[in-house]
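Note that the structure is a prediction, hence the values are computed from the model and not measured. Numbers restart at 1 for each chain; the letters A, B, ... are given by sequence-line order, proteins then strands.
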Amino acid sequence: TQLLEQSPQFLSIQEGENLTVYCNSSSVFSSLQWYRQEPGEGPVLLVTVVTGGEVKKLKRLTFQFGDARKDSSLHITAAQPGDTGLYLCAGWMDSSYKLIFGSGTRLLVRP
Amino acid sequence: ETGVTQSPTHLIKTRGQQVTLRCSSQSGHNTVSWYQQALGQGPQFIFQYYREEENGRGNFPPRFSGLQFPNYSSELNVNALELDDSALYLCASSFGQYTGELFFGEGSRLTVL
């Protein structure tokens, strides 16, 4: 069983549309991260959220950490073809040496 | 570009063979973690090396082993390859053992036939 569940697994939208990706768990995380991975490359960190209820914005991307620190969401406004990629949420547990990844959401933004 | 380099980028092996993958960490980083990413999945933690010692291990059998060298570069060795070992192997470097930002290399894609 996956400790971090992401939904949807795949999303195909038209340029200009908005979308939200969800990352859920029954476990508490000390922090959650979102990565983006493009074909043939390793994941690249987009953001880290640490405090329950925290909201961070990165241009058209808005990240939220749930109050109980068990879930997170990524919202993209006015998606562009350059946003296409695999979005991964990942969590750190207290005093843990391993980053736990979700299964990813593959986003395709059509021109 | 993260400054983490992995080699080789692609390789093909047959069942039962052994493979060694290499990773050079980013300058100033003393920790290397290895992850396996199967097709269509998120990365799964294999193990972490901190100051040349294995610091933690995921749910992988002993035929997955590693090393970290004094310059903090690292190797991942897999013996007795199985078809299910086909995956992208990612190396990530960081400073310190716990939490924080991981800097990933581009990965080594292993195909086992």
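- When atom types are taken as modelled, the side chain of B:Thr111 and the backbone of B:Ile12 share no donor-acceptor pair closer than 3.5 angstrom.
- Using a 4.0 Å cut-off between charged nitrogen and carboxylate oxygen, B:Lys13 and B:Asp85 do not count as a salt-bridge pair.
- Note on B:Gly107, B:Pro43, B:Gly56: by heavy-atom pairs under 4.5 Å with chain A, the leading option is B:Pro43.
- No side-chain N or O of B:Ser94 forms a donor-acceptor pair with one of B:His29 less than 3.5 Å apart.
- Screening residues 11-25 of chain A for salt bridge (Lys or Arg N to Asp or Glu O under 4.0 Å) gives no qualifying pairs among residues at least two apart or on separate chains.
- The stretch residues 100-108 of chain A places A:Phe101, A:Gly102, A:Ser103 near chain B, each with some heavy atom under 4.5 Å from a heavy atom of that chain.
- For B:Gln6, no part lies under 4.5 angstrom from a heavy atom of chain A.
- Taking the charged nitrogens against the carboxylate oxygens, A:Arg36 and A:Glu38 do have a contact shorter than 4.0 Å, which makes a salt bridge.
- In this structure, a donor-acceptor pair under 3.5 Å is absent between the side chains of B:Ser74 and B:Gln68.
- When heavy atoms are compared at a cutoff of 4.5 Å, A:Tyr35 approaches chain B solely by way of its side chain, counted from C-beta outward.
- In this structure, no portion of B:Arg109 lies under 4.5 Å from any heavy atom of chain A.
- B:Phe45 pairs by the ring pair (Phe, Tyr, Trp, His ring centres under 6.0 Å) definition with A:Tyr97, B:Tyr35, not counting sequence neighbours.
- Between B:Tyr49 and B:Phe47, the gap from one ring centroid to the other is short of 6.0 Å.
- Chain B forms the most heavy-atom pairs under 4.5 Å with one residue out of A:Leu99, A:Leu88, A:Leu4, and that residue is A:Leu99.
- Partners of A:Tyr22 according to the ring pair (Phe, Tyr, Trp, His ring centres under 6.0 Å) rule, which considers only residues two or more places apart in sequence or in another chain, do not exist here.
- In this structure, the portion of A:Gln37 lying under 4.5 Å from any heavy atom of chain B is its side chain and not its backbone.
- Using a 4.5 Å cut-off between heavy atoms, B:Gln48 contacts chain A through its side chain alone, with no backbone atom that close.
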